[in-house]
Structures are given as structure tokens and as C-alpha cells.
Q: 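A single structure is presented below for examination.
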Amino acid sequence: MPELAEVAFYKNKWMPAQGLKIKQVALNQQVRVFRKAPTTEICTRLPGATLTMGETHGKQMIFLFDDRFWLGVHLGMAGRLSFEATTYKIQKHDHLCLETDKGWAVFTDTRHFGRIRFNESRSAPEWWARLPPKIGSEHFTLPRMEAFLRRRKGACIKAVLLMQEQFPGLGNWMVDEILWRSKIHPATTAGLIGEKKRAELFSKILEVESDAMRVIGKNWGDPPDHWLFNHRWKDGGTCPKTGTTLKRATIGGRTTCWSPKHQTYRGLKK
DNA sequence: CCCCATGTTCGACA
DNA sequence: GTGTCGAACATGGG
């Protein structure tokens, strides 16, 4: 489920706990989501600590307690956050639950592909500080993207746009939306995309990022029908631009939807 | 029973 | 060493 806008939406689910003291922690350390995380420390440090801040960066989230305990959350494929009533009963796939006076901040993940991290330090942990520039930020530039496309010149553009080291927060639906708006066939070899098309692709990445944050990041509203989004999920969808049938296949290792009549750009000839 | 899933990582291979 | 690709991870839904 979660790409950058959904992650922002879920991060806000825990913000009712901001300024509140954690009374109790319930976690299931057996579950894969904790991997190397120090579960004992989470259980001993967080009780008594106050949530001071929560932020997202692409698909990553971080929550700060007492200005020195950093809780990292990645939602994986099926994770979500919620804030539940004080009377809440913990469910099967609730792996981390933080109790406050006003209710429970809960991390749920049926598929266990998510990840929890925990660090104690004055400044943000390394894994957070070293994340690549956010899409739309000052350092997320066209030249930087072009250098990345050169390095990944042999891979198809669908796979390249999914790489978090350059495009933090893009996921399957956003990449399909970006390529559709750019009129680029998803199987196009990254290194064969011409200069003009690269500039167009860059601007569509920014556009889809801001559209997603506006429509989904705040209230998880329904994307409008003129996006690819509403048409891409099932076989037999129709392209909002051309009225022709959309195609679906595995490209770059992921189920990909595109409009063959609309996405005609396939790169320069060698 | 089968296939599929908005993600990441690891290992094989070129 | 570098880059690409597919399998594996664990569970539930159609």
C-alpha cells in the first residue's frame, strides 16, 4: 500500500499522541518487523518518554521521544498506523502499540514486510540522516537524476524509478502514473531516453509527487478520474487520455499498467 | 487449490 | 567491482 503520500497520511495518524507521555509499550518481538531492533530497549526507554515529533522521508518515518529516542517505522507492503481509543484491544497483527492517556498509537502489518528501528542519540540516526534528497527538494535536481539514469543505463525506466536511493517514496502506482503522464513506455531502456524527454520525465515526477501529497497525503481522498490511478488496477481498464484499452504485464519485476496508444516513446535508436 | 498483492533484500549471474 | 534480475520473505483476499 504505502508510497510517499500514504506514508505521510499514516504518519499523521500518530500525531494525536504528540506531546503525550507513553505509559506502556506492547510489542511482539518474535515478528520479523523488528529484525535487529533492540526490543528490550524499546520497552524500557519509551515508557515515561514524550512524543515530540514525527516526520516522513519517502517511505521512511521517524518519531522522536524526549529528544533522544528515535523510532523508525517502515510500512513495507501492508503496514499502517492508527490511533485507537483507550479501550482498544490489541489485534493479531498489531506488532507495536504505545499507550497514552488519550489512546493507543498502533503499528499493524499483516505481511510482516515492514520494519521498526530504534536509536538513542542526540541527533538523528545515520540511516535517517543519509537518506537521499527528497523529491521536490532543493537537491533533487535534473542533473542528479540524469547522472543516475546514466549509471542505470541498461535497466528499464520502470525499474529505475522504483530505486529508493534516487527516488525516495516512489512506488508501483506512482511510477506507472509518472510514465503515463510522460508518455514513456515502461520498458524503455533508461540510458536511451533523450534530453528533452528526460526533462519532461523530471517535471512529471515533481507533478505526481505534489498531486499525491495533496490528494492522498492529507486526507486520503479519491484521486480524480483523469489520473491513470483509478483505471490501472484491473484488467480491461481504459486510458483516460485516448479511450483505448490499458495493458498490464510484469515489467521491471512488478505488475505494470500502461497505455500502448499513449505511451509511444521507447527511447532513441542506438 | 490457484494466483495476486502500492516493498525490500539477497544471491546468482554476466 | 559493477549492474541487472528473479526469488524469497509472510499473510490474506479473490
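Throughout, protein chains are lettered first and strands after them, A, B, ... in sequence-line order, and every chain is numbered starting at 1. The structure displayed is predicted, hence computed values, not measured ones.
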Q: For the NE2 atom of A/His112 and the CD atom of A/Gln30, what is their distance to the nearest 0.5 Å?
A: 11.5 Å

Q: Could you list the residues that satisfy salt bridge (charged side-chain N to carboxylate O under 4.0 Å, His left out) with A/Lys13, not counting sequence neighbours?
A: none

Q: Roughly how many Å is it from CD1 in A/Ile251 to C1' in C/dG6, rounded to a whole number?
A: 16 Å

Q: Not counting sequence neighbours, list each pair that qualifies as a side chain to side chain donor-acceptor pair (under 3.5 Å) and has a residue in residues 238-257 of chain A.
A: A/Lys158-A/Thr256, A/Asp235-A/Arg248, A/Thr242-A/Thr244

Q: Less than 4.0 angstrom between a side-chain N/O of A/Arg151 and OP1 or OP2 of C/dG3, yes or no?
A: yes

Q: Without placing hydrogens or testing angles, list every side-chain donor-acceptor pair under 3.5 Å for residues 199-209 of chain A, not counting sequence neighbours.
A:
| from | atom 1 | to | atom 2 | distance (Å) |
| --- | --- | --- | --- | --- |
| A/Glu200 | OE1 | A/Lys197 | NZ | 3.1 |
| A/Ser203 | OG | A/Glu200 | O | 3.0 |
| A/Glu207 | OE2 | A/Arg181 | NH1 | 2.7 |

Q: Using the P atoms only, state how far C/dA10 lies from B/dG11, rounded to an integer number of Å.
A: 15 Å

Q: Around A/Glu195, counting heavy atoms of other residues, nucleotides and ligands shown, do more than 12 lie under 6.0 Å from its CD?
A: no

Q: Pair A/Leu75, A/Phe107 - check side-chain contact (heavy atoms from CB on, under 4.5 Å), show working.
A: CA-CA 9 Å; A/Leu75 297 173; A/Phe107 165 63; 3.9 Å; yes

Q: Can you measure A/Glu3 atom CD to B/dG7 atom P for me and round it to whole angstrom units?
A: 5 Å

Q: So which protein N/O to nucleotides 2-4 of chain B N/O distances come out below 3.5 Å?
A:
none

Q: Measure from the side-chain N and O atoms of A/Asp94 to the backbone N and O of A/Gln91, and report whether any donor-acceptor pair falls under 3.5 Å.
A: yes

Q: Which of residues 206-216 of chain A sit near DNA chain C, with a heavy atom under 4.0 Å from it?
A: none

Q: Check nucleotides 7-11 of chain C against the protein and report each pair of N or O atoms closer than 3.5 Å, with its distance, or say if there are none.
A:
| from | atom 1 | to | atom 2 | distance (Å) |
| --- | --- | --- | --- | --- |
| C/dA10 | O4' | A/Arg111 | O | 3.3 |
| C/dA10 | O3' | A/His112 | ND1 | 3.4 |
| C/dA10 | N1 | A/Arg111 | NE | 3.1 |
| C/dA10 | N1 | A/Arg111 | NH2 | 2.6 |
| C/dT11 | O3' | A/His93 | NE2 | 3.2 |

Q: Could you work out, with ring pair (Phe, Tyr, Trp, His ring centres under 6.0 Å) as the rule, every residue matching A/Phe34, not counting sequence neighbours?
A: none

Q: Please list, for nucleotides 10-14 of chain B, all pairs of protein and nucleotide N/O atoms separated by less than 3.5 Å.
A:
none

Q: Suppose you measure atom C1' in C/dC9 against the same atom in B/dC1; what distance do you get, rounded to whole Å?
A: 22 Å

Q: Report the nucleotide, chosen from B/dG7, B/dT8, B/dT9, that has the shortest atom-to-atom distance to any side-chain atom of A/Gln164.
A: B/dT8

Q: Any salt bridge linking A/Asp101 with A/Lys23? Criterion: basic side-chain nitrogen under 4.0 Å from a carboxylate oxygen.
A: yes

Q: Which pairs with one or both residues in residues 178-201 of chain A pass ring pair (Phe, Tyr, Trp, His ring centres under 6.0 Å), sequence neighbours excluded?
A: A/Trp180-A/His262, A/His185-A/Trp258

Q: Distance check, P atoms only: B/dT9 and C/dG12, in whole angstrom units.
A: 23 Å

Q: Name all residues meeting the salt bridge (charged side-chain N to carboxylate O under 4.0 Å, His left out) criterion together with A/Arg266; count only those two or more places apart in sequence or in a different chain, and write none if there are none.
A: none

Q: Partners of A/Lys59 by salt bridge (charged side-chain N to carboxylate O under 4.0 Å, His left out), sequence neighbours excluded?
A: none

Q: Select one nucleotide: of B/dT9, C/dC5, B/dT8, the one nearest the side-chain heavy atoms of A/Ala155.
A: C/dC5

Q: Between C/dT4 and A/Lys153, is there an OP1 or OP2 to side-chain N/O distance shorter than 4.0 Å?
A: no

Q: Starting at atom CH2 of A/Trp127, determine the distance to atom P of B/dT9, rounded to an integer number of angstrom.
A: 12 Å

Q: Give the rounded distance in Å between these two atoms: NZ of A/Lys158 and C1' of B/dG7.
A: 12 Å

Q: For A/Leu4 and B/dT8, give me the distance from atom CG to atom P, rounded to whole Å.
A: 11 Å

Q: So A/Gly154, base contact, sugar-phosphate only, or nothing? Heavy-atom distance under 4.0 Å.
A: sugar-phosphate

Q: Report the residue from A/Val106, A/Val33, A/Thr108, A/Val31 that forms a side chain to side chain contact (heavy atoms under 4.5 Å, CB included) with A/His93.
A: A/Thr108

Q: Between C/dG6 atom P and A/Arg254 atom CZ, what is the distance in whole Å?
A: 13 Å

Q: Can you list every stem that DNA chain B is part of, counting only runs of 3 or more consecutive Watson-Crick or G-U wobble pairs with both distances under 3.5 Å?
A: B:2-5 with C:11-14, B:7-14 with C:2-9

Q: What is the separation between atom CH2 on A/Trp173 and atom P on B/dA5, rounded to the nearest whole Å?
A: 17 Å

Q: Find the distance A/Glu6:CD to B/dA5:C1' and express it as a whole number of Å.
A: 14 Å

Q: Looking only at the side chains, is there a donor atom on one of A/Gln24 and A/Trp104 sitting less than 3.5 Å from an acceptor on the other?
A: no

Q: Please check if the distance between the ring centroids of A/Trp70 and A/Phe63 is under 6.0 Å.
A: no

Q: Quick one, A/Arg152 with A/Gln166, criterion side-chain hydrogen bond (donor to acceptor under 3.5 Å, both in side chains). Give me CA distance, side-chain angles, the key distance, then yes/no.
A: CA-CA 11 Å; A/Arg152 304 297 187 172; A/Gln166 170 66 26; over 6 Å; no

Q: Under 3.5 Å, side chain of A/Gln263 to main-chain N/O of A/Ile184, donor-acceptor pair present?
A: yes

